[in-house]
Amino acid sequence: MADKVLYGYTGIFDTPDDIIHAAEKVADEGYEKYDVNTPYPVHGMDDAMKLPPSKLGYAALVFGLSGTVSALAIMYFMSVIDYAIIIGGKPFFAFPAFVPIMFEVTVLAASIATVVTMIAIFFKFPNISHPLHNTDYMKKVSSDKYGICLQADDKKFTEEEAKSFLEKLGAKDITAIYYPEENFEKQTVLEPKFISILVLTAIIVSGATYFSLNKLMFMVPFNWMMYQDKQVPQESNPLFADGFGMRPPVEGTISRGNVPYQFKGQPELAGKLLKNPLVPDSTTLALGKDKYDIYCSPCHGYFGEGDSRLNGQFPNPPSLHSEKNRNWSDGSIYHVITDGQNIMPSYATQMTRQERWATVLYVRALQRSFNAKESDLQ
Amino acid sequence: VGVIDYTQEVPVVEGRPPLRDIDDIIAKPLETKPDKKYYIALAITLSMLGIGGIALAASIYYGTGLWGNNNPVGWGLPIVNFVFWVGIGHAGTLISAILFLLRQRWRNGIARFAEGMTIFAVMTAGIFPLIHVGRPWLAGYLLPYPNQHSLWVNFTSPLLWDVFAVSTYFTVSFIFWYVGLIPDFANLRDRTTNKLKKVIYSVTSLGWRNSNRHWQHYEMVYLILAGFATPLVLSVHTIVSFDFAVSIIPGWHTTIFPPYFVAGAVFSGFAMVQNVLIFIRKIFNYEHIITLDTLEKMNKIMMLTGLLVGYAYAMEFFIAWYSGVQPEQFAFINRAFGPYAWAYWIMVTCNVVFPQLFWSRKIRRSIPIMFVVAVLINVGMWFERFVITVTSLSRDYLPSSWAYYTPTLTDFAILIGSFGLFFTLLLLFTKTLPVVSIAEVKAVVEGSQPSHGHNSEGGKE
């Protein structure tokens, strides 16, 4: 008994009138740390205990308003800034259409936050090992009795006084409540049971996440959007004798809009006859730089020095600043882009004719910048 | 019966039972083994659920072609059922939140159960839009999350508002329900002798100590939640009605839809709550907690909302005529006299004619008759959603694409399955949680509140 720590003294009352009177007297006596326990809220108890009004309304207000504002801000960001799409001819910022969701988010945020605030901050719950738990006192006040508990940590509290005061109030079953002993020593967080549950939860959660993201989504029927009964490029097809799904164009036909390249395999002729239709100005050079950086720079390097970013996966191409290349005509460069040369493939399908000519202009600009004449500086 | 004295408030709980008796009677179903009847009932509901499950699995495996949905009736039974079940849920929130704000103390006996029904009805309802999209596992795209397509959802679409409204509604209803359950869990924790149950109730009660310092905040939270749930419940069916009203289909594009839908939802929800409560009070001997007076009050609400719905039916016709819009006029004449006239007149008879019986006090207090009327109301309200959804779609602006919609067996199997799910959950609820709020009922038993020096507080003392 000696090492037990006292939590407080409890007394039981039979009727709601008795408990109200008792609570009034306890409050008048100057006790601050005491509690009244009743199976349901008794009207007028807040006044009897002289409790200030609950401040939870402020939590609801703050969280509710932040819900409203963040809903509006998120919708504004998504549908006006990040990815604006015209829908039904409405403005991007269609405020009336945003109202329903703003309202719903307000209610959601306020409800969740208010309840969590009450439980976690006001009540400091969950707490299932309070000294009052599992006592006869708690069993009575959960059911049909009304009780008062004077806590030992009150300034006015002394054992004798509390006892006699409760007796004077007419309380029955006056009992001392002690803290459960084990509460003081055990580090409940380090208990093996708790830790193993924690580890188990972690394994299950991560396993389930891994399974659903990396396996489940590729199983029937979840992959049906991916694998449909249709021919997609590069797939085989047993319908055709050669087994290829992709078919070559019918002999002697060309696809719509296709203009055949007349110097195929004839670099000398192309170099001689082809003339650049574009003049170097800011637009054509910008277009050329754009396309050069996309299609040419992976092998030739951003400045045409042949410093491939592909790190030796292919043989590095020669520099575009060699004597030979500088003396080439625009037509020869155009021909190489269009028809390819050695290991370099044709870029005719990726770049339009105009883009190819613009790229030629940009290559010319690069060559000139590397071998600038003195006159260029003036 | 003679003259009724309306100056005296009828006691909410009859017979002034001792508080401990209330504990005993409400906790009894949780502490006794289920009897044979319970298992028979569960077997029936589980079979219904199984039928629905098979139909659903087939629909997912073979595709939605198993349903009657066609062009132009793309919505069909899944959407009819969705609106029906969301509507059923509304009575719960009305009882728990709106009647709480209006200080209708008789709600305390039925609020818990009605809230439970709300949650189960919304869960059931939620299935239908998911399966109606055809690939329910892709429903995650309904949420605005940063995805690899860098696309966002369409915030101007009522269908998206629905996603937010229904999920908020479910969450808030659940929180409301759980907050109400906390003191009851504490009560059960303190009366149980079973070790496992004690652990479960200790955890679920979060350590509730019946402290008045807590009750004070608790009542405040309850008030705040009721204050939020009230506009929320109105918003949910309003937004469901926007699914229809924001489109330009004749018969849908009307401003009366939101109030009309909300009234209809409360109407059907109360009918369902009344139906189930009649069984609950009988089976568990709650006749003095869920009194005949409570049932009578519910019948009055059904009559009121039934009249509102009837008014809306009439007003739709009036506005169609008054607006002078030909397709609108056609849509309504087609509703009443077209190929779906049978459905329309079932709806009118069940929703407008039969509830008029409740003008008689005798019928309002006769359990067999009120039960039948409430069943008919739910039949009528299901047909109301059917009429609205199907008649307008099957004959819209383009006569060349008119088509008659006939639901298939699979459609009906899924409907049966939804009832199976709902009632299975209800049955499990009755055996696992207190279906009547112990704390709230105690608070309205006569003599449970201090007299503050007066002799009586409106009671009969």
Side-chain angles (χ1 to χ4, degrees), chain A residues 16-17 19-20 23 35-46 49 51 54 56-57 60 74-75 78-79 82-83 85 87-88 90 94 97-98 100-101 103-105 107-108 110-112 114-115 118-119 122-123 125-130 132-133 138-139 141-144 221-222 224-225, chain B residues 18-20 23 60-61 135 137-138 144 150-152 154-157 160-161 164-165 168 171-172 175-176 179 183 186-187 189-191 202-203 205-221 224-225 228-229 231-232 235 239 242 439-440 442-443 448-452:
Chain A
D17 282 318
I19 192 75
I20 287 271
D35 209 345
V36 176
N37 303 79
T38 54
Y40 54 86
V42 174
H43 291 173
M45 186 55 82
D46 303 347
M49 291 172 73
L51 297 176
S54 172
L56 271 167
I74 287 170
M75 283 189 284
M78 290 175 182
S79 29
D82 192 48
Y83 204 131
I85 305 174
I87 293 158
K90 296 184 192 89
F98 290 172
I101 291 180
F103 171 77
E104 300 298 335
V105 176
V107 169
L108 188 65
S111 305
I112 294 177
T114 313
V115 170
M118 173 183 80
I119 288 173
F122 281 59
F123 295 175
F125 280 175
N127 171 10
I128 55 172
S129 56
H130 190 272
L132 284 178
H133 284 141
M138 185 49 63
K139 286 193 173 124
V141 297
S142 284
S143 176
D144 58 349
F222 304 107
W224 281 351
M225 200 119 154
Chain B
L19 298 183
R20 191 168 282 277
D23 287 351
I60 289 173
Y61 192 82
R135 291 192 175 94
W137 53 91
L138 298 179
S150 58
L151 268 175
W152 301 112
N154 174 10
F155 288 107
T156 57
S157 163
L160 188 78
W161 305 344
F164 277 83
T168 301
T171 317
V172 172
I175 292 173
F176 204 19
V179 167
N187 178 298
R189 170 196 70 198
D190 289 334
R191 47 177 290 129
S202 291
V203 171
S205 69
L206 302 172
W208 180 257
R209 298 194 294 272
N210 299 299
S211 154
N212 261 281
R213 294 177 188 275
H214 291 175
W215 277 123
Q216 188 207 12
H217 297 304
Y218 179 90
E219 285 197 292
M220 175 55 90
V221 152
I224 290 171
L225 282 181
F228 278 122
L232 176 65
S235 86
I239 289 177
F242 282 166
E440 284 190 338
K442 279 181 190 165
S448 69
Q449 293 299 349
S451 53
H452 296 296

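What you see is a predicted model; the values in this text were computed from it and never measured. Protein chains get the first letters and strands the later ones, always in sequence-line order, with residue 1 at the start of each.
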Identify the heavy atoms of A:Met45 and A:Ala23 that sit nearest to each other, and give their distance. SD-CB, 3.7 Å
Please state whether the side chain, the backbone, both or neither of B:Ile224 comes within less than 4.5 Å of a heavy atom of chain A. side chain
With side chains defined as the heavy atoms from C-beta onward, is the minimum distance between A:His130 and A:Phe125 less than 4.5 Å? no
Under 4.5 Å to a heavy atom of chain B? For A:Met138 that would be both
Quick check on the interface: out of B:Tyr61, B:Trp137, B:Trp208, who has the most heavy-atom pairs with chain A under 4.5 Å? B:Trp137
A side-chain contact here means heavy atoms from C-beta on lying under 4.5 Å apart; do A:Pro126 and B:Val203 qualify? no
Between chain A and each of B:Ile60, B:Leu19, B:Asn210, count heavy-atom pairs under 4.5 Å; write down the option with the most. B:Asn210
Would you call B:Lys442 and B:Asp23 a salt bridge, taking side-chain N to carboxylate O under 4.0 Å as the test? yes
Name the member of A:Val141, A:Val105, A:Ile85, A:Ile87 that forms the most heavy-atom pairs with chain B at distances under 4.5 Å. A:Ile87
Name the region of A:Met118, side chain, backbone, both or neither, that has any atom closer than 4.5 Å to a heavy atom of chain B. side chain
Chain B interface, residue from A:Leu132, A:Asp82, A:Ile19, A:Ile74 that has the most non-hydrogen pairs under 4.5 Å: A:Asp82
Please tell me if the side chains of A:Pro39 and B:Asn187 come closer than 4.5 Å, counting only heavy atoms from C-beta onward. no
Give the ring-plane orientation class for B:Phe164 versus B:Phe155, where under 30° counts as parallel, over 60° as perpendicular and anything between as tilted. tilted
Part of B:Arg20 lying under 4.5 Å from any heavy atom of chain A: both
Flag side-chain contact, heavy atom, 4.5 Å: A:Thr114 against B:Met220: no
Heavy-atom distance under 4.5 Å between the side chains of B:Asp190 and A:His133, does that happen here? no
Classify the angle between the aromatic ring planes of A:Phe123 and B:His217 as parallel (below 30°), tilted (30 to 60°) or perpendicular (above 60°). tilted
Name the option with the most non-hydrogen atom pairs under 4.5 Å to chain B; the candidates are A:Ile128, A:Leu56, A:Ile101, A:Val107. A:Ile101
Atom group of B:Leu151 that falls short of 4.5 Å from chain A, counting heavy atoms: both
Could you tell me whether the side chain of B:Ser448 reaches within less than 4.5 Å of the side chain of A:Tyr40, counting heavy atoms only? yes
With a 4.5 angstrom heavy-atom cut-off, is it the side chain or the backbone of B:Phe176 that approaches chain A, or both, or neither? neither
Quick check on A:Asn127 against chain B: is it the side chain, the backbone, both or neither that has a heavy atom closer than 4.5 Å? both
Quick one: of B:Ser150, B:Pro18, B:Pro183, B:Ala186, who has the most non-hydrogen atom pairs under 4.5 Å with chain A? B:Ser150
When A:Ser142, A:Ala94, A:Gly88 are compared by non-hydrogen pairs under 4.5 Å with chain B, the top option: A:Ser142
B:Ser157 versus chain A, heavy atoms under 4.5 Å apart: side chain, backbone, both or neither? neither
Using non-hydrogen atoms and a 4.5 Å limit, figure out which bit of A:Ser79 sits close to chain B: side chain, backbone, both or neither. side chain
